[in-house]
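When a ligand or atom number is given, it counts from 1 through the structure's own listing order. Throughout, numbering of the chain's residues begins at 1 and tracks the sequence. Please read all numbers here as calculations on a predicted model, not as lab measurements.
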Amino acid sequence: MLHSVINERKRMKYTIVGFPRIGEHRELKKATEAYFRGDKTAQELQDTVCQLRIAQWEKLRASGAAQIPSHDFSLYDGMLDTAWMLNAVPEKYTRLGLDDTGTYFAMARGYQGERGDVTALSMKKWFNTNYHYLVPELEKNTRLSLNHTDFLASYEQAKGLGIETRPVFVGPFTFLKLAHCDHDKAHFVQPLIEAYAELLRLASRHGVQWVQLDEPSLVMDLTQEDIALFRTLYDGILAQRGEGGTKVLLQTYFGDVRDCYAELLSLPVEGIGLDFVEGKQTAQLIAKYGFPEDKILFAGVVNGKNVWRCRYAAVLEQVRSLRQCVREIILSTSCSLLHVPYTVANEPQLPAEVLPHLSFAYEKLQELAELCRLAELPDYTQDSSFQSNVALHSSGSLYPNPDVQQRVANLTEEDFTRPTPRRERQALQRKQLLLPLLPITTIGSFPQTDSVKRTRSHLRKGEISAEEYEKLVRAEIKRCVTLQEELGLDVLVHGEYERNDMVEYFGENLAGFIFTRNAWVQSYGSRATKPPIIVGDISRKQSITTPWITYAASLTNKPMKGMLTGPATILNWSFPREDVPGSVSMYQIALALREEVLELEANSIRVIQIDEAALREKLPLRRADWHSEYLDHALRAFRLCHSGVQPGTQIHTHMCYSEFEDIIPEIDAMDADVITFEASRSKLTILRALVQSHFETEVGPGVYDIHSPRIPSVTEIAAALKMMLRDIPADRLWVNPDCGLKTRNLPETIAALKNMVHAAVCVRDTLR
Ligand code: GLN
Ligand code: ZN
């Protein structure tokens, strides 16, 4: 048996799950935004898209990929494209009567104009990545069917260039699991089967050799009903296939398929894509249950999500053992390369010692090609590129700091614990800070006006000196403090004018981070971010915020709140190291922040907010891993930041979402004194849940939505507060907006805050 497997062994080939699409120089962003402004026609936008797609295929062809994906491209989002393809277009969008491009973008971004006023589809995080997808909306009268077949156009276009591509789609199971639906989803199963069966027939008729159906939802914890749904969908779709038509690659990623491996294997598909990077049990599943002779294994061995060079030795060893039991293997990425930047070649300014360690999308293609070559050698250990990869990985950590390592190793339970019980602290703080009932505050940032941005860009370009810059920022801070005093807020902020971004600013002041110039990664639609890269042990280089905060505090008698970004958020919005666990970096960041917290306190700052905007984002996909792999560390790291302060010093935290009903005790265990969070768009069911779990942290559920330019009225804010008071005792409730105000303009902000203060004061009066 073993003998025959080896005898018919196929030459090693490679492919990828998907490619970035924003363009090496963010061409897609520029083109779509020009289209939104009316500076480009739909046709001109399509022309840019066309060029980007061709560039991607040519790149993949040149690099020697055996199979090249197409239709992994999207003007805005792949999930939106699937909804569009399947005719899941809610009535409020069709009713606008726009052309196709207009309707598509109305779903993506909302529409406000002569034809009506509709909000966009909602947006959610794509599994455990920092990418956001649009949530398809299935209405009672939605008729799912194969409505748009744009994939054929790109397939034919590539074909015209002599490139056979593998069109990529979100699969029916993931589509249905992630779609929002107010009634029974069962109703959509049969139409979905028909639509995908039709899709496969159409692909067959056009001579498409392979299609890829992405099913990342299969790596989640699955119930028996989920598995049954998966079977029904695929049995239904695949039963309609004729002989010899288009082959199907069922692609999974972001974890392993331990709950449905047997079901997957029994499907009559020609290829199965498994993740060997995040899929902790993938190799084990294959070793234990085998892999069918009649299928190709698309082995996701190169990390599609992080920016580090692959470890050839580990991958080749893996391949060697897979070859014992799998007939044909095609090497691939662990997930789409959508989540990494284009190329290290655009970052020549990075330190020379870091560069050889980095691998973005283009470099990952080279790695895959090289791995294929090495896998065919009788003894790859003699190959020089293998040897230099081994040498690279055995050269030790970049920028080690033994002192920081020691400090983390020496941490004890005491370092994570504030000695005084929270209830006692809270009473003391109210007294010392002279806070009224329903204290009024904001989340930190004030509008980043053009002049603020210009000042920063002048400094970056060296057009103004550091002293001039500081003077200008101080002037902004002063205006901000005066404004808050006039408005009558109780706990003031300095406005965060010195920050371009809440993570980047901190990274720049910490050793162990590097910053790229062009390494953009799509966040959603036309938005991209440039995450910092953690390259070494982390420590505080200098005071990060103290000079700004103490200056702001000197301008008022009211409490001034110091503003920091928390350890989980800094880690989650950066590319992490691979040579140490994320928890180690998180503790190192926490130690650095702890120094900052203590310095603020020593400078008489008595209220300190540590934002954990992204705490929930990296919650592992499987519940069994929530605590051991993530929450235990994230909570301890947070407590490490603040456990050294006096009982009278009030620690706040802020989160950008209210969907934490499933982790309420954990949020309370951060042991903050106050938490503010987004609430105006949610149904506030969270408040009842907080009471039921005896939540001790004081709460400031946002009373208005800062993502909209709308000015909330006094009446509606007062009503919101009264509603909150039904669940939250008056002496534990704070009044604040949903989130930071930096994206709003000044007039909107002033009008909204005025109404907020007015409403709070009125409600406060009724409580006396
Ligand atoms: N303090 C930050 C601000 O106000 C918080 C931002 C956030 O939660 N995303 O901008
Ligand atoms: Zn927020």
Side-chain angles (χ1 to χ4, degrees), residues 123 125 130 132 440-449 452-453 456 473 476-477 480-481 483-484 489 491-507 509 523-524 527 529 531 544-545 548-549 552 560-574 593 596-597 600 605 607-618 638 641-642 650-660 667 670 672 674-682 686 699-708 734-746 748-749 752-753 756:
M123 212 158 55
K125 285 250 151 190
N130 289 333
H132 304 72
I440 312 169
T441 191
T442 60
I443 308 304
S445 59
F446 265 67
Q448 290 255 336
T449 56
V452 175
K453 289 186 203 153
R456 222 175 12 246
V473 174
E476 295 286 354
I477 292 177
C480 185
V481 172
L483 172 66
Q484 294 172 80
L489 296 167
V491 174
L492 311 195
V493 297
H494 75 298
E496 300 184 18
Y497 298 107
E498 75 286 4
R499 299 180 196 180
N500 32 8
D501 172 273
M502 65 189 283
V503 168
E504 191 168 329
Y505 180 76
F506 282 80
N509 287 284
S523 165
Y524 67 91
R527 296 301 187 97
T529 60
I544 308 173
T545 61
W548 304 119
I549 311 280
M560 177 61 60
K561 183 157 67 162
M563 284 295 162
L564 306 175
T565 304
T569 300
I570 293 181
L571 178 72
N572 292 349
W573 284 349
S574 303
L593 292 171
E596 185 76 12
V597 165
L600 284 168
I605 302 301
V607 184
I608 300 170
Q609 178 170 311
I610 306 167
D611 287 326
E612 280 293 28
L615 180 93
R616 200 183 197 290
E617 290 183 5
K618 289 285 149 82
F638 185 87
C641 298
H642 70 82
Q650 189 172 57
I651 298 296
H652 290 220
T653 188
H654 164 74
M655 285 175 194
C656 286
Y657 41 79
S658 52
E659 292 106 46
F660 53 81
I667 303 276
M670 293 165 80
V674 181
I675 179 170
T676 58
F677 54 89
E678 176 272 314
S680 71
R681 282 172 303 173
S682 69
I686 183 78
V699 294
V703 295
Y704 76 88
D705 178 11
I706 61 92
H707 300 93
S708 157
W734 285 67
V735 181
N736 46 264
D738 258 357
C739 191
L741 302 164
K742 78 175 188 201
T743 54
R744 298 267 62 88
N745 68 32
L746 201 54
E748 279 160 14
T749 301
L753 290 181
M756 185 180 85

Asker: What is the closest protein heavy atom to atom 4 (O) of ligand 1, and at what distance does it sit?
Answerer: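 Answer, as residue, atom name and distance: S445 N, 2.8 Å.
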Asker: Taking 4.0 angstrom as the limit and counting only heavy atoms of A613, give me the atoms of ligand 1 inside it, by number and element.
Answerer: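 The list of qualifying atoms is 8 (O), 9 (N).
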Asker: Should E659 and R616 count as an ion pair when the cut-off is N to O under 4.0 Å?
Answerer: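 Salt bridge flag = no for R616 with E659.
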Asker: Report the nearest protein non-hydrogen atom to atom 5 (C) of ligand 1: residue, atom name, distance rounded to 0.1 Å.
Answerer: D611 OD2, 3.4 Å
Asker: Quick check against the 3.5 Å criterion: does E498 have a side-chain atom that pairs as donor or acceptor with the backbone of V473?
Answerer: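 No, the answer is negative, given that no donor and acceptor are paired below the 3.5 Å cut-off.
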Asker: Give the residue and atom name of whichever protein heavy atom lies nearest to atom 9 (N) of ligand 1, and the separation in Å to one decimal.
Answerer: C656 SG, 3.4 Å
Asker: Judged by atom type as modelled, is there a donor-acceptor pair below 3.5 Å linking the side chain of T653 to the main-chain atoms of I610?
Answerer: yes
Asker: What atoms in ligand 1 come closer than 4.0 Å to a heavy atom of H654?
Answerer: 8 (O)
Asker: Would you mind reporting whether Q609 and I443 have side-chain heavy atoms less than 4.5 Å apart?
Answerer: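 Contact flag for I443/Q609 side chains = yes.
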Asker: Taking 4.0 angstrom as the limit and counting only heavy atoms of G740, give me the atoms of ligand 1 inside it, by number and element.
Answerer: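 Near G740, the atoms of ligand 1 are 3 (C), 4 (O), 10 (O).
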Asker: To the nearest 10 degrees, could you say what angle the Zn ion (ligand 2) makes with SG of C656 and NE2 of H654?
Answerer: 120°
Asker: What about W573: any of its N or O atoms under 3.5 Å from an N or O on ligand 1?
Answerer: no
Asker: Run the numbers for me: atoms of ligand 1, each under 4.0 Å from some heavy atom of C739, listed by number.
Answerer: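 Atoms satisfying the 4.0 Å criterion: 7 (C), 8 (O), 9 (N).
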Asker: Run the contact test for K742 against ligand 1 with a 4.0 Å cut-off on heavy atoms, strictly below, and give the result.
Answerer: no
Asker: What's the shortest distance from atom 6 (C) of ligand 1 to any protein heavy atom, and which residue and atom give it?
Answerer: M502 SD, 3.5 Å
Asker: Which ligand 1 atoms are under 4.0 Å away from a heavy-atom of G444?
Answerer: 4 (O)
Asker: Below 4.5 Å, heavy atoms only, C-beta onward: do E496 and Y505 meet side chain to side chain?
Answerer: no
Asker: Within a strict 4.5 Å, meaning less than it, do heavy atoms of the L615 and H654 side chains meet?
Answerer: no
Asker: Does F446 offer a backbone N or O that forms a donor-acceptor pair with the side chain of R744 under 3.5 Å?
Answerer: no
Asker: Which heavy atom in V491 sits nearest to a heavy atom in T441, and how many Å separate them?
Answerer: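 Heavy atoms of V491 and T441 come nearest at O-OG1, 2.9 Å.
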Asker: Can you find an N or O of I443 that's nearer than 3.5 Å to an N or O of ligand 1?
Answerer: yes
Asker: Under 4.5 Å between any side-chain heavy atoms of F506 and T569, yes or no?
Answerer: no
